[in-house]
Amino acid sequence: MPLRVDGAEITLAEAGRLALPELFAEWFAAQGWQPRRHQLELLGLASRGLSTLLIAPTGGGKTLAGFLPSLVELTEARDHDQNARVGPHTLYISPLKALAVDVARNLERPVSEMKLPITLETRTGDTSASKRARQRLKPPDILMTTPEQLALLLALPDASRLFKGLRAIVLDELHAIVASKRGVLLSLGLARLARLAPEARRVGLSATVADPDGLRAWLMPQTPEQPVLAELIMGDAGANANISILASQERVPWAGHSARYAMPEIYKAICEAKMTLVFVNTRSQAEMIFQDLWTINELNLPIALHHGSLDVSQRRKVEAAMASGQLRAVVCTSTLDLGIDWGEVDLVINVGAPKGASRLMQRIGRASHRLDDPSRALLVPANRFEVLECQAAQGAAAEGQQDSEPPVGGKLDVLAQHVLGSACGEPFDATVLFEEVRSAYPYRGLTRDNFDSVLSFVATGGYALKSYDRYAKLRQLPDGRWRLAHPKIGQQYRLNVGTIVEAAMLKVKLVSARGLGDRRLVGRGGKILGEVEEWFVEQLAPGDTFVFASQVLRFEGLDDLDALVTRAYKEDPKIPSYNGGKFPLSTYLAERVREILSKPDGWRSLPDQVRDWLGVQDYKSLVPTAAEMLVETFPRGARWYLVCYPFEGRLAHQTLGMLLTRRLERLRARPLGFVANEYALAVWGTRDLSLMISSGKLSLDFLFDEDMLGDDLDSWLAESNLMKRTFRTCAIIAGLIERRHPGKEKTGRQVTFSSDLIYDVLREHEPTHVLLRAAWDDAATGLLDIRRLGDMLKRVKGRLTYRALDAVSPLAVPVMLEIGRERIYGEAHEALFAEAAESLIDEAMQINSSVH
DNA sequence: GACCTGCTGCGGTATG
């Protein structure tokens, strides 16, 4: 893209000389670099005090671009009141502590090489208390920190003094942060900064996203009238990624997610590359694949493991080994999605469903540092449906389509935390705070009513909890402003700041043991290997074995918050299981999968086995077009099954399943249970569903009508454990329940217990409590995916295609195989037989049976 | 005997 100055086209080098002070231009030249276009553009906008969103792929000097204007300003003392300034000139916010440290280290080089008169420091939870205290008195020019630390800094009594001189705020990995409650908290911090330092410009650094305007608005203080957008700079796109799908010689499984069939082929790809990242979707799968690779690792390649449940020290070791080029492969989860570029990765393997085009592109981007090198990636589908999903993702990548998550909207529990934090500094005026909060993009639509109920919750606990002293956190001064009820509450706030709420975890401690049975003596001291979720350990009996931290361990017993284990040499261990989040199949990829299905001409590019599968489906039942939804009924054993294919992801299907069974119950169809996967939903019962439909007793249009969302959702949800879990998170974030208290850590069980208790009290006495509403909002957008379900029901209205079949169809096999594998709603007490896979597949693929 | 799903991230301060 040519650059123009006063109408004349100029080269980048010339532009660099124009915009960059000589000192900087020389330094660039000494590196053998030319300033990139986006770096110069950002300099230009920053010099006019404009806030900017910079979207660029990794490896393009994006971070340096973000800091360049600050370095120049600080060097040239364009900043007039520099001597008067007490606080930092530039604030850098990263979602990862390690990234803040890494960026600081990278920035120190130009600063020291050019001998710039600039101080820069990091401040995270790892920073020593003494350094933090010193930083308050004498802050650096550039402070690099996390969203949580910003909240803490803003809660200091001298926050306004500290930030008055702030000139720039750099927000790294913005696309990732806005999609979480951490981003919501950060947006409130930014709104405060906008009041303390109205002149500070913002720089957002982001990967490519689906909707840049959403991020541009997120960056800016909003006014009620119309959205205010930051400037936008698009960095040059990198070379297109070279993505292939594993063409396996093996049989691709009908269901399951292990991808074990492909292990030799994955190993071969690792052997042929210099350095490979193997991304998987879950921690337990990372453990499993790592084990499998080791057993076939004939060449003894150095292969490592990296996921979020491993101890930090273990992870740092792997990272260091990677950076110094000692490893040939790392099996990892999304821990390595973001941040630092570790080493010279030249191949990315993604095992299992990609789930989303943007997520996949982010991962693949890890495979090239240099902009002009195409990244190489290999997708390994774990089952037949995933072949379709991989192809959808491959197509999306080729077209540069994005499906990144939009910013999370204003949450009431996060607001409650912020309101409390606001009172920690100086007393605040409610109306001033309300206006400030509304200038944060996620809260632009917040009503005064909602704000007031949050404020009253923080002040008193709300109507139902008013009589308990401990929930009264604010007092009103005679002039109407609000202050903390007690200084102790400020300390409580600081200890519990942040929006990350973890499941109850136990540390896994490797100890020594002697003897057998009752005489077994187990040591108490040992090395911490990492953490597993409490509920998993609760299922273990002493003597059980499981794989963790890439070794087989024997569970010995509990010691307070530790699970004691010893080394074991048994075969068939249990795999540790974590109850983590679930990434749903993105709507965008779902659409593409439906497109692929609906165009038989394109099936040629699919592997033979997958093509045959779809071919038989087409012959025996039907392969739906992109717009319609296929519903099939068929008998099997003593039951009748109804299978539908919305392709909307497991979460939405679970909710649909729950609602459908309730509706079928009312229609006297006697449903017994349902099971869902990412693509389909199966419901079954004892009555002849085909007959009910053909005789008009059961109308599919009625069954799938959108009004079902109003049906029983509320009553069902209120009773469910899911809602209690969600409430626990909101209650912790809002400060109703403390996770940490001076002097004592709470166990997960204690927290859960008090949370359940409060939940029941509120449900009975104050069903409209802010936190119940917050929890409902989270459940609706998260675990239940109600919006998506609603959109789907709208989409398929009047477009249901129905087939009454004699027997199971090929497309139904994967979801049918899920039966017996998981706990089934509605049929908890009935013993379920798992479907015998072979007979099910034979029946589905038989083509001489009669067809309706 | 084959089969097994479910991510990541942060976190205090004043005083002795």
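Residue numbers begin at 1 in each chain, while the letters A, B, ... track the order of the sequences. Just so it is clear, the structure is predicted and the values come from calculations on it, not from any experiment.
- Nearest to the side-chain atoms of A:Arg739 among the listed nucleotides B:dC7, B:dT5, B:dG11 stands B:dG11.
- Contacts of A:Gly308 with the nucleic acid, taken as non-hydrogen atoms under 4.0 Å apart, involve only primed sugar atoms and P, OP1 or OP2.
- Between the P atom of B:dG11 and the CD atom of A:Glu148 lies a distance of 6 Å, rounded to the nearest Å.
- Between the side chains of A:Arg384 and A:Gln609, at least one donor N or O lies within less than 3.5 Å of an accepting N or O.
- With rounding to whole Å, A:Asn677 atom CG is found 15 Å from B:dG6 atom P.
- For the pair A:Pro147 and A:Arg251, both in contact range of DNA chain B, the more 5′-proximal nearest nucleotide belongs to A:Arg251.
- In this structure, the side chains of A:Phe647 and A:Phe385 come closer than 4.5 Å at one or more pairs of heavy atoms.
- When each of B:dG11, B:dC7, B:dT5 is scored by its nearest atom to the side-chain atoms of A:Lys355, the top-ranked nucleotide is B:dT5.
- Within the structure, every side-chain polar atom (N or O) of A:Ser258 is placed at least 4.0 Å from both OP1 and OP2 of B:dT5.
- Atom-to-atom, CG of A:Leu360 to P of B:dC7 comes out at 18 Å; the value is rounded to the nearest Å.
- Distance A:Glu287 CD to B:dG6 P: 12 Å, rounded to the nearest Å.
- For the pair A:Gln654 CD and B:dT5 C1', the computed distance is 13 Å after rounding to whole Å.
- Out of B:dT8, B:dG9, B:dC7, the shortest distance to the side chain of A:Arg359 is found at B:dC7.
- With hydrogens and angles ignored, no donor-acceptor pair under 3.5 angstrom links the side chain of A:Gln285 to the base of B:dC7.
- Nucleic acid contact for A:Arg134: none, since no nucleic acid atom lies under 4.0 Å from a heavy atom of the residue.
- Note on A:Arg182: every side-chain N or O is 4.0 Å or more away from OP1 and OP2 of B:dG9.
- Per the geometry, CD1 belonging to A:Ile732 stands 18 Å off P belonging to B:dC10, to the nearest Å.
- Taking 4.0 angstrom as the limit, A:Ser180 places none of its side-chain polar atoms (N or O) nearer than this to OP1 or OP2 of B:dG9.
- Looking at A:Ser334, its side chain comes within 3.5 Å of the base of B:dC7 through a donor and an acceptor atom.
- In terms of the ring pair (Phe, Tyr, Trp, His ring centres under 6.0 Å) criterion, residue partners of A:Tyr92 (sequence neighbours excluded) are, by chain and number, A:Phe67.
- With hydrogens and angles left out, the side-chain atoms of A:Thr122 and A:Thr124 include no donor and acceptor closer than 3.5 Å.
- Sorted by first and then second residue, the salt bridge (Lys or Arg N to Asp or Glu O under 4.0 Å) pairs involving residues 171-187 of chain A (not counting sequence neighbours) are A:Glu148-A:Arg182, A:Lys181-A:Asp413, A:Lys181-A:Asp778.
- Taking side-chain N and O atoms only, A:Ser284 has no distance below 4.0 Å to OP1 or OP2 of B:dT5.
- The distance between atom OH of A:Tyr261 and atom P of B:dA2, rounded to the nearest whole Å, is 18 Å.
- Residue A:Glu405 contributes atom CD, which lies 13 Å from atom C1' of B:dT8 at whole-angstrom precision.
- For A:Tyr588, the side-chain hydrogen bond (donor to acceptor under 3.5 Å, both in side chains) partners are A:Arg592, not counting sequence neighbours.
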Quick test: give all pairs of protein nitrogen or oxygen and nucleotides 13-16 of chain B nitrogen or oxygen below 3.5 Å, distance rounded to 0.1 Å.
unit_1 : atom_1 : unit_2   : atom_2 : d
B:dT13 : OP2    : A:Arg132 : NE     : 3.4
B:dA14 : OP1    : A:Arg136 : NH1    : 2.6

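- In this structure, A:Thr124 reaches the sugar-phosphate backbone alone: every heavy-atom distance under 4.0 Å involves primed, P, OP1 or OP2 atoms, never a base.
- Qualifying ring pair (Phe, Tyr, Trp, His ring centres under 6.0 Å) partners for A:Phe163, counting only residues two or more places apart in sequence or in other chains: none.
- A search for salt bridge (charged side-chain N to carboxylate O under 4.0 Å, His left out) contacts involving A:Arg192 returns A:Glu436, not counting sequence neighbours.
- Nearest-nucleotide positions on DNA chain B for A:Pro253 and A:Gly498 put A:Pro253 closer to the 5' end.
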